[in-house]
K.L.:
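Handing you this structure, nothing more for now.
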2 protein chains.
Amino acid sequence: MNDAITLTAPLTEAAESDQDVLARGCCNLAPNSLQIAEDDATRLAAMFKAIGNPVRLQIIDMLSRYGGQACVCDVESLFDLSQPTISHHLKVLRKAGLIDSEQRGLWRYYFVRPAALQELQQWFGEMLTVRNQ
Amino acid sequence: MNDAITLTAPLTEAAESDQDVLARGCCNLAPNSLQIAEDDATRLAAMFKAIGNPVRLQIIDMLSRYGGQACVCDVESLFDLSQPTISHHLKVLRKAGLIDSEQRGLWRYYFVRPAALQELQQWFGEMLTVRNQ
DNA sequence: TCTCTATATTGACAATCATCAATACATATG
DNA sequence: CATATGTATTGATGATTGTCAATATAGAGA
């Protein structure tokens with residue numbers, strides 16, 4: 001699969017011929033090609049990993065539309081999963097810093113932490129703008 | 001951890017008292033609270049999952065700065081991992097649609113697919129704007 | 001205090017993942 | 001064709017994950 005190689009982004013040196021490439025050789029890595037700190041990479045990856053599950057992604061989607069008044073049984077009603085499993089996914093999202101919760105009477109209400117979503121959105125912004133250098 | 005619950009977003013009904021909440025009860029879920037299709041959720045989650053690993057996140061970071069001229073040995077030189085492991089991570093990213101590659105002589109060059117990053121960035125945009133409704 | 005309800009935790013299990021060593025494949029060159 | 005080099009695949013292994021049933025915890029009310 002994916003046989004048809006279509007460049008969605010122009011290569012840096014599109015004019016560079018194959019011969020040039022071969023002459024230049026490989027592995028001439030520019031300095032500081034890894035600009036993101038390992039700590040940041042780990043922290044961001046943990047957040048992405050939390051979203052990287054269909055159920056949890058849908059929970060984020062649902063919570064973001066629900067603006068902070070969703071209890072566990074609300075979330076539960078959307079999926080064909082047991083209550084402990086929903087509780088588990090909520091915990092994963094909370095530990096990643098993507099959501100938070102608040103107790104109200106007998107129920108615990110969950111809500112998205114916009115700051116976390118913004119940070120991730122911003123990361124894509126960097127990836128899309130800081131190209132070549 | 002995370003004991004101090006700080007609301008970064010106001011709850012929808014901030015004025016709603018605890019008594020109101022208790023009176024209203026729970027699980028009065030608004031219709032179509034799950035607006036994202038399951039297929040989309042699965043596809044997007046797969047992309048996030050691919051980024052949800054520190055090594056792969058750093059590969060994306062590195063490739064986005066490198067604009068399309070990074071071969072496997074370039075990537076390899078940034079990590080203390082074996083060549084097969086790097087190859088594996090590149091494959092995961094490629095299967096998720098986040099990167100693509102092109103053979104040039106003896107080397108295979110990898111590059112980011114900006115359209116994929118844009119789609120994910122846009123998803124965060126939706127999550128941050130489509131609140132409450 | 002006892003009961004009821006909402007949510008969290010524990011423990012178990014199959015499935016997936018990250019990693020490496022060994023090997024295979026592909027491209028260029030002599 | 002033979003050899004060398006860059007990359008991909010295979011197979012194995014320990015670690016992590018998603019899920020559920022069972023159980024525990026916590027708040028509200030009788």
Side-chain angles (χ1 to χ4, degrees), chain A residues 1-3 17-29 41-42 45-46 48-59 69-77 79-96 99-110, chain B residues 2 17-29 41-42 45-46 48-59 69-77 79-96 99-110:
Chain A
M1 71 197 74
N2 228 337
D3 283 339
S17 70
D18 283 8
Q19 291 202 346
D20 288 340
V21 172
L22 292 176
R24 176 167 58 75
C26 188
C27 303
N28 300 318
L29 199 57
T42 301
F48 283 123
K49 187 177 180 180
I51 310 179
N53 171 283
V55 173
R56 291 195 293 265
L57 187 139
Q58 283 173 296
I59 290 177
Q69 295 293 337
C71 62
V72 176
C73 58
D74 283 332
V75 181
E76 206 180 330
S77 70
F79 301 94
D80 195 21
L81 292 170
S82 70
Q83 176 267 318
T85 297
I86 297 296
S87 218
H88 161 72
H89 285 305
L90 290 170
K91 186 178 184 180
V92 170
L93 288 170
R94 203 168 79 87
K95 283 184 68 177
I99 68 176
D100 207 341
S101 67
E102 184 197 34
Q103 188 94 21
R104 287 242 212 161
L106 206 47
W107 299 281
R108 176 161 290 270
Y109 289 89
Y110 282 87
Chain B
N2 228 339
S17 70
D18 282 11
Q19 290 201 348
D20 289 340
V21 172
L22 291 176
R24 176 167 58 73
C26 189
C27 301
N28 301 317
L29 200 56
T42 301
F48 283 124
K49 186 176 181 180
I51 310 179
N53 170 285
V55 173
R56 291 196 291 266
L57 187 139
Q58 283 173 296
I59 290 176
Q69 294 293 339
C71 62
V72 176
C73 58
D74 283 333
V75 182
E76 205 181 330
S77 70
F79 301 94
D80 195 23
L81 293 169
S82 70
Q83 177 267 318
T85 297
I86 297 297
S87 219
H88 160 72
H89 285 304
L90 289 169
K91 187 178 183 178
V92 170
L93 288 170
R94 202 168 79 85
K95 283 185 69 178
I99 67 176
D100 208 340
S101 67
E102 184 196 35
Q103 188 95 19
R104 286 243 212 160
L106 205 49
W107 298 281
R108 177 161 289 270
Y109 290 90
Y110 282 87

K.L.:
Write down the distance between CZ (A:Arg104) and C1' (D:dA28), rounded to a whole number of angstrom.
P.N.:
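It is 16 Å, rounded to the nearest whole Å.
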K.L.:
Whole angstrom is fine here: how far is it from CG in A:Asp74 over to P in C:dA6?
P.N.:
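Spelled out: CG on A:Asp74 to P on C:dA6 is 11 Å.
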K.L.:
Between P on C:dT7 and CD on A:Glu102, what's the gap in Å once rounded to a whole number?
P.N.:
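It is 13 Å, rounded to the nearest whole Å.
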K.L.:
Once you round it to whole Å, what is the distance between P of D:dA8 and CD of B:Glu76?
P.N.:
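Taking CD of B:Glu76 and P of D:dA8, I get 10 Å after rounding.
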K.L.:
Which of these nucleotides, D:dT7, D:dT9, C:dT7, is closest to any side-chain atom of A:Cys71?
P.N.:
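Per side-chain heavy atoms of A:Cys71, the pick is C:dT7.
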K.L.:
Are any non-hydrogen side-chain atoms of A:Val55 and A:Phe79 less than 4.5 angstrom apart?
P.N.:
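With C-beta onward as the side chain, the pair touches.
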K.L.:
Can you tell me the distance, in whole Å, between the OH atom of B:Tyr110 and the C1' atom of D:dG6?
P.N.:
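Checked: the OH to C1' distance equals 11 Å.
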K.L.:
For B:Ala45, enumerate each residue passing the side chain to side chain contact (heavy atoms under 4.5 Å, CB included) test, keeping only those at least two apart in sequence or located in another chain.
P.N.:
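So B:Ala45 forms a side chain to side chain contact (heavy atoms under 4.5 Å, CB included) with A:Pro54, A:Leu57.
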K.L.:
How many Å lie between NZ on B:Lys91 and P on D:dG6, as a whole number?
P.N.:
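B:Lys91 atom NZ is separated from D:dG6 atom P by 22 Å.
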K.L.:
In whole angstrom, give the distance that lies between atom NZ of B:Lys95 and atom P of C:dT16.
P.N.:
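It works out to 12 Å between those atoms.
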K.L.:
Is B:Leu90 close to B:Tyr110 at the side-chain level, that is, under 4.5 Å between some pair of heavy atoms?
P.N.:
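Touching, per the 4.5 Å side-chain cut-off.
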K.L.:
Would you call B:Cys71 and B:Asp74 a side-chain contact if the rule is heavy atoms closer than 4.5 Å?
P.N.:
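Side-chain contact under 4.5 Å: yes.
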K.L.:
Nucleotide by nucleotide, 5' to 3', does protein get under 4.0 Å of the base (B), only the sugar-phosphate (S), or neither (-) in nucleotides 17-23 of chain C, counting heavy atoms?
P.N.:
SSBBBB-
K.L.:
Which residues satisfy the side chain to side chain contact (heavy atoms under 4.5 Å, CB included) test with A:Val92, sequence neighbours excluded?
P.N.:
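A:Val92 satisfies side chain to side chain contact (heavy atoms under 4.5 Å, CB included) with A:Ala50, A:Arg56, A:His88 only.
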K.L.:
Kindly write out the residues that satisfy side chain to side chain donor-acceptor pair (under 3.5 Å) with B:Ser82, not counting sequence neighbours, or none if the list is empty.
P.N.:
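If we apply the side chain to side chain donor-acceptor pair (under 3.5 Å) test to B:Ser82, skipping adjacent residues, the hits are B:Thr85.
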K.L.:
Using whole Å, report how far CG of A:Leu106 lies from C1' of D:dG27.
P.N.:
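Going from CG in A:Leu106 over to C1' in D:dG27 covers 5 Å.
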